[in-house]
2 protein chains.
Amino acid sequence: MKSIPKAVANRLSLYLRLLERLHGNGVLTISSRAASETLGLSDAQVRRDLAYFGTFGQSGIGYLVEELLGKVRAILGTDRAWPVALVGYGNLGRALMAYAEFPHRSFHIAAVFDSDKAKVGRSARQLKVQSASRLFTRVKQLRIPLAILAVPADAAQNVAWRLARAGVRGILNFAPVRLQLPKRVFVSNIDFTVSLEQLSFHIRHTKRKS
Amino acid sequence: MKSIPKAVANRLSLYLRLLERLHGNGVLTISSRAASETLGLSDAQVRRDLAYFGTFGQSGIGYLVEELLGKVRAILGTDRAWPVALVGYGNLGRALMAYAEFPHRSFHIAAVFDSDKAKVGRSARQLKVQSASRLFTRVKQLRIPLAILAVPADAAQNVAWRLARAGVRGILNFAPVRLQLPKRVFVSNIDFTVSLEQLSFHIRHTKRKS
DNA sequence: AATTGTGAATCTCTTCACAGCA
DNA sequence: TGCTGTGAAGAGATTCACAATT
């Protein structure tokens, strides 16, 4: 099997969102043309992307929404539930704990940790915030594969190492630092200021309308 | 002037972070080789990227950190202060309000809005949360160029339109929807579940170590 | 008639490799 | 010698365009 281009992987979530919406609306089939218009891509690109995962389109008709949905879910790995460890229960951690989209999309917070004694023991939904000292043991014991890192920048690398040693395979990192980790651990970075900088860059480099 | 490739724009924030750290540590020069190792890029790429903005490296020495820092800041547009409107004062909105990195990086929240009457009037730092009905007028009056959208998915498109009409040039969107806007308005999307899906995808498609 | 899947062409990005500079 | 800046080559991603399919 050809390996999947990075660019394609980044678009899969896009397809998933579209297909879930269509399925929810009872739409049975979708053509590459129709999908491409909704998503702002080209029709050829949609076909090329989907072709990486097999050939399940139907000439003259398009793709069966339900079948394709199952396929994309399987490809993304969201056809099963993923327990996630949340580390850091500050402002951001609390917002993530309350984030309603996660449970609807196969990710559920299975444990919450914080190093601040004042926060430990506090109830977050049905969970209690646990001391960060128990992080390694608990994550390993529960075999939690994913973690969300919502701790201050200067604590991030240390926590990341402990998570990696505890067997975590992927980390969603909100701290504005580049984590150094063994390559079996994948990292997705979300950095709010980087995103704002992209906006200021584009504004600065575009002709003003007025 | 050649137009700047998208891929380069995305790396500028990376360079900015590195240069700020070096400058803080009193480092005077940096070679493309040294920079590339820290950042996990190739040395040729660093040189190529920087060359888009002029030629200010020095043969045999490298780049002057302070000069390059100023240059990168100017390119990204973070050499001046950017007022930002925050729309949505729920869990995420409060976390963003408290986010300490923004003020250090030329972005400051200049106004906060929420449609929930119970939240209006509440104090967020030195600001009072304002009614969303005043959004258009206030944003226009204050000429706020950037907005952070931290509202529920079903309200996002409507708020985005009002922001666009009020003259906003860039929107950082946290709602899991694709905003339709005039193309003079740039959008950066941050979608937590998309990032988690990228992790599950990579884990699913990688040989397990054990 | 409508639509897929894909070779070939094109466009974009990255790396190689080296002349030229301090 | 150590390093930049860049032309040329290479790799990767996108689009074109059309034979094959229902």
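Sequence lines set the chain letters: A, B, ... in the order given, protein chains first and strands last, and positions in each chain run from 1.
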Picking from B/I75, B/V46, B/V8, what satisfies side chain to side chain contact (heavy atoms under 4.5 Å, CB included) with B/Y15? B/V46
Residue pairs meeting side-chain hydrogen bond (donor to acceptor under 3.5 Å, both in side chains), one or both in residues 151-168 of chain B, sequence neighbours left out, come to B/N158-B/R162
So if I apply the side chain to side chain contact (heavy atoms under 4.5 Å, CB included) rule between B/L172 and each of B/I148, B/L86, B/L96, which one comes out positive? B/I148
For A/N189, which residues count as a side-chain hydrogen bond (donor to acceptor under 3.5 Å, both in side chains) partner, sequence neighbours excluded? A/N173
Under a 4.0 Å heavy-atom cutoff, the residues of residues 35-43 of chain A touching DNA chain C are none
Going by number, which of residues 15-32 of chain B have a non-hydrogen atom under 4.0 Å from DNA chain D? B/S31, B/S32
Considering only nitrogen or oxygen atoms on both sides, find all protein atoms under 3.5 Å from nucleotides 8-12 of chain D and state each distance.
| residue | atom | partner | partner atom | Å |
| --- | --- | --- | --- | --- |
| D/dA8 | N6 | B/R48 | NH2 | 3.0 |

C/dT12 C1' sits how many Å from B/D49 CG, rounded? 13 Å
If only side-chain N and O atoms of B/Y63 are considered, is one of them under 4.0 Å from the OP1 or OP2 phosphate oxygen of D/dG5? yes
Any A/R47 side-chain nitrogen or oxygen under 4.0 Å from OP1 or OP2 of C/dT4: yes
Test: salt bridge (Lys or Arg N to Asp or Glu O under 4.0 Å). Region: residues 56-71 of chain B. Which pairs qualify, not counting sequence neighbours? none
Check nucleotides 19-22 of chain D against the protein and report each pair of N or O atoms closer than 3.5 Å, with its distance, or say if there are none.
| residue | atom | partner | partner atom | Å |
| --- | --- | --- | --- | --- |
| D/dT21 | O2 | A/S59 | OG | 3.3 |

Report yes or no: is the cationic atom of B/R169 (NZ for Lys, CZ for Arg) under 6.0 Å from the centre of the six-membered ring of B/F186, at an angle within 45° of the ring normal? no
Measure from CG on A/L68 to P on C/dG5 and round the result to the nearest Å. 10 Å
If you look only at distance, which donor and acceptor atoms sit under 3.5 Å apart when one is on a side chain in residues 135-146 of chain B and the other is two or more places apart or in another chain?
| residue | atom | partner | partner atom | Å |
| --- | --- | --- | --- | --- |
| B/R138 | NE | B/Q130 | OE1 | 3.2 |
| B/R138 | NH1 | B/Q141 | OE1 | 2.6 |

Using atom CZ of A/R33 as one end and atom C1' of C/dA2 as the other, report the distance to the nearest whole Å. 11 Å
Please state how far atom CD in A/Q45 lies from atom P in C/dT6, giving the value in whole angstrom units. 16 Å
Please report the interatomic distance CZ(B/F192) to CD1(B/I190), rounded to the nearest 0.5 Å. 7.0 Å
Could you go through residues 28-42 of chain A and list every donor-acceptor pair under 3.5 Å that involves a side-chain atom there, pairing it with any protein atom two or more places apart or in another chain?
| residue | atom | partner | partner atom | Å |
| --- | --- | --- | --- | --- |
| A/S31 | OG | A/A34 | N | 3.1 |
| A/S32 | OG | A/R47 | NH1 | 3.0 |
| A/S36 | OG | A/S32 | O | 3.3 |
| A/S36 | OG | A/R33 | O | 2.7 |
| A/T38 | OG1 | A/A34 | O | 3.0 |
| A/S42 | OG | A/Q45 | N | 3.1 |

Check the distance between C/dG7's P and A/Y52's OH and give it to me in whole angstrom. 11 Å
In a table with atom names and distances, give each donor-acceptor pair under 3.5 Å that connects a side chain of residues 97-113 of chain B to protein atoms at least two apart or in another chain.
| residue | atom | partner | partner atom | Å |
| --- | --- | --- | --- | --- |
| B/R105 | NH1 | A/E197 | OE2 | 3.0 |
| B/R105 | NH2 | B/E20 | OE1 | 2.4 |

Take atom CZ in A/R178; do more than 12 heavy atoms of anything else shown fall under 6.0 Å from it? no
Between B/T193 and A/R17, does a side chain to side chain donor-acceptor pair (under 3.5 Å) hold up when you go through it step by step? CA-CA 11 Å; B/T193 56; A/R17 291 281 159 98; 2.4 Å; yes
Measuring from the side chain of B/A7 (C-beta onward, heavy atoms only), which nucleotide among D/dG5, D/dA13, C/dC13 has the closest atom? C/dC13
What pairs with B/A156 under side chain to side chain contact (heavy atoms under 4.5 Å, CB included), at least two apart in sequence or on another chain? B/L149, B/V151, B/A175, B/V177, B/L179
If the condition is side-chain hydrogen bond (donor to acceptor under 3.5 Å, both in side chains), which residues does A/Y63 pass it with, not counting sequence neighbours? none
Can you check the B/F56 CZ to D/dC3 P distance for me, whole Å? 18 Å
